[in-house]
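Report on the following structure.
Sequence lines set the chain letters: A, B, ... in the order given, protein chains first and strands last, and positions in each chain run from 1.
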Amino acid sequence: MHVSRPDLVPDAGLSREEMEALQREIAAAAVFEDDFAFDPRAVAASSSGLEEGTQTTLADSAAGSSSASSGDPTDAEPPVVVGVDQSFLTNDDGDQDRALSAVVATRGGEVIERAYAVTDLEIPYIPGLLSFREGKPILAALEGLSVDPDLLLFDGSGRIHFRQAGIATHMGVVLDAPSIGVAKSLLCGTPTEEADNLPEGTRVPIESNSRVDAPDGTLLGYAVQTRQYDSPNRYINPLYVSPGHRVGPETAADIVLECATSYKLPEPVRLADNYAGEAKRELQD
DNA sequence: GCGACAG
DNA sequence: ATCTTGTCGC
C-alpha cells in the first residue's frame, strides 16, 4: 500500500495535545460516506458460492454482472478485503514491549495473502489514542502485502471516537483507503434504543453525545448483531461498527453483516485475529 | 472531585 | 490486549 498523507502518520513521540490536534485534522479530512468503486454486495460473493446470501438474488447478479463483460470498473468482481488485528509480545521481564500487527487479505471469502510486522511499543494504551500505539506495526504489515486492498477492516472504532478519528479512520485517511471500524465494546456515543439482545441481522444507530466532538445526535455508526443465540436466557453482545474512511455508516454495517460466517466477527478480522495469535506463539514459544 | 474509557 | 480450566447450555 501507499501512504497518501505522510503528514498524518501516527507519531508516538507527540504530546497528548498534539495527538488530539492531529486527530481533529484527520477527522476533517475523513469522508464518512460511500466513496469507492467496488460493489459492496460482492464482498462475500465467492466463485464457489459459500456465503449465506441474504440480499443478493440470482436475478440481481444475472442482470448486473454474470458473464464476462466489457470491463466495466464497477462490475461485481469481489474486492480485496483486508482484516487487521494486533497481539503483543513480551520481553524477558514479562512486560509487553512489542506490538505485532497481522493482516489477512481476502477476496470473495478466500484468503489470498497474509503478512505481519512487529515494532517496539512506544506508548501505553490510552483510550482515544489507540492508533498512536498500534499504527506503526499496522502500516508496516500493510506495506508487506503485494496485493492492493480495496477495503480495510479494523479491530476498533472508526468514527465512534471522541474526536471522530478512531484507528480505522486514522489508518484509512493516511492510506486514503476505504476502511471500517469493528469494535467489540462501545467507546463513546449513545444507542438510540436498547442495543442488548438484538435479533440476528439487525442494527441500532449510535449517535454522538456530549463526549463526542460532533453535534449531539450525529449518526456515528451502528450496534450490529451479526450472530445471536436462539435461547432466551443468554445472548451475544453486538459489534459496534463505524465508518473509518470513504464508507458510510449503513454500508459499513451491511458489509460487516455480509462478512460474518458462523462467527460474530467479520471473517477478515477473525482471520487476522487468529493469525496475530499464531504469529505471536511462533515468535515467543 | 467523579465518572467513562476501543485494544 | 493478556493471564487461562472448567463449565453452562443446546
Side-chain angles (χ1 to χ4, degrees), chain A residues 10 12 16 19-20 23 26-27 83-91 93-103 116 118-138 141 152-172 179-191 195 197 200 206 208-213 220-224 227-245 252 256 262 264-266 269-270 272-281 283-285:
Chain A
R16 180 165 187 150
M19 290 180 180
E20 298 184 348
Q23 294 185 319
I26 290 163
V84 183
D85 190 32
Q86 286 68 242
S87 63
F88 298 86
L89 304 186
T90 265
N91 62 31
D93 302 318
D95 307 315
Q96 293 186 334
D97 66 330
R98 291 156 293 165
L100 184 161
S101 181
V103 297
Y116 73 80
V118 178
T119 66
D120 290 326
L121 279 175
E122 302 171 276
I123 59 173
Y125 164 68
I126 299 171
L129 300 179
L130 187 65
S131 61
F132 290 89
R133 174 177 165 83
E134 310 181 347
K136 184 100 65 184
I138 290 174
L152 268 23
L153 257 42
F154 292 88
D155 59 308
S157 291
R159 193 181 189 181
I160 294 180
H161 178 276
F162 309 124
R163 291 164 292 284
Q164 305 184 78
I167 194 163
T169 300
H170 197 154
M171 299 296 100
S179 64
I180 295 172
V182 181
K184 294 179 289 299
S185 57
L186 192 58
L187 175 61
C188 57
T190 315
N197 205 358
E200 192 169 293
I206 300 297
S208 60
N209 53 23
S210 61
R211 301 169 60 195
V212 182
D213 195 337
L220 302 176
Y222 286 97
V224 177
R227 289 296 173 252
Q228 189 53 280
Y229 294 141
D230 294 316
S231 64
N233 39 2
R234 202 153 74 117
Y235 63 86
I236 297 173
N237 295 133
L239 286 175
Y240 297 93
V241 181
S242 57
H245 181 47
V256 166
S262 53
K264 170 179 177 175
L265 287 174
V269 173
R270 196 180 71 80
D273 192 330
N274 290 169
Y275 188 35
E278 171 182 320
K280 173 198 174 80
R281 297 197 57 174
L283 260 44
Q284 301 259 239
D285 296 2

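Separating the CG atom of A/L129 from the C1' atom of B/dA6 is a distance of 11 Å, rounded to the nearest angstrom. Rounded to a whole Å, the CG atom of A/N209 is 13 Å from the C1' atom of B/dG3. In this structure, A/L100 places its CG atom 14 Å from C1' of B/dG7, rounding to the nearest Å. Here C/dT2 presents its P atom at 10 Å from CZ of A/R133, a figure rounded to the nearest Å. A/D85 has its CG atom 12 Å from the C1' atom of B/dA6, to the nearest Å. In this structure, the CG atom of A/L130 is 9 Å from the P atom of B/dA6, given to the nearest Å. Atom CD1 in A/I138 sits about 13 Å away from atom C1' in C/dA1, given to the nearest Å. Across the protein-nucleic acid pair, A/F88 atom CZ and B/dA6 atom C1' stand 11 Å apart, rounded to whole Å.
Looking at heavy-atom distances under 4.0 Å, A/I167 makes contact with a base. Contacts of A/T90 with the nucleic acid, taken as non-hydrogen atoms under 4.0 Å apart, are absent. Counting any heavy atom pair closer than 4.0 Å across all strands shown, A/G181 reaches no nucleic acid atom.
With hydrogens and angles left out, the side-chain atoms of A/Q86 and A/S101 include a donor and acceptor closer than 3.5 Å.
You'll find the side chain of A/V103 stays beyond 4.5 Å of the side chain of A/Y116, heavy atoms only. Taking the side chain as every heavy atom from C-beta outward, A/E200 and A/Y229 never approach each other to under 4.5 Å.
Comparing C/dC10, B/dA6, B/dG7 by their nearest atom to the side chain of A/H161 picks out B/dA6. For A/R211, counting side-chain heavy atoms from C-beta on, the closest listed nucleotide (C/dT2, B/dC5, B/dG7) is B/dC5. Comparing C/dC8, B/dG7, B/dA6 by their closest approach to the side chain of A/R234 singles out C/dC8. The side chain of A/P127 lies closest to B/dC5 when the candidates are C/dC3, B/dC5, B/dG7. Comparing B/dA6, C/dC8, C/dC10 against the side chain of A/A183 picks out B/dA6 as the nearest. Each of C/dC10, C/dA1, B/dA6 was ranked by its minimum atom distance to the side chain of A/Q96; first place goes to C/dA1.
At least one side-chain nitrogen or oxygen of A/K184 sits closer than 4.0 Å to the OP1 or OP2 atom of C/dA1. Residue A/S185 places at least one side-chain N or O under 4.0 Å from the OP1 or OP2 atom of B/dG7. The side chain of A/Y240 contributes no N or O atom lying less than 4.0 Å from OP1 or OP2 of B/dA6.
Comparing A/D230 and A/D273, the nucleotide of DNA chain C nearest to each residue sits closer to the 5' end for A/D273.
Stacking annotation: A/Y125 is stacked on the base of B/dG7 (ring centroids less than 5.5 angstrom apart, interplanar angle below 30 degrees).
Among A/L130, A/D155, A/L129, the single residue meeting the side-chain contact (heavy atoms from CB on, under 4.5 Å) criterion with A/I167 is A/L130.
Proximity of a side-chain donor or acceptor of A/E122 to a complementary backbone N or O of A/R133 within less than 3.5 Å is not detected.
Within the cation-pi definition used here (under 6.0 Å to the ring centroid, within 45° of the axis), A/R16 does not qualify as a partner of A/F132.
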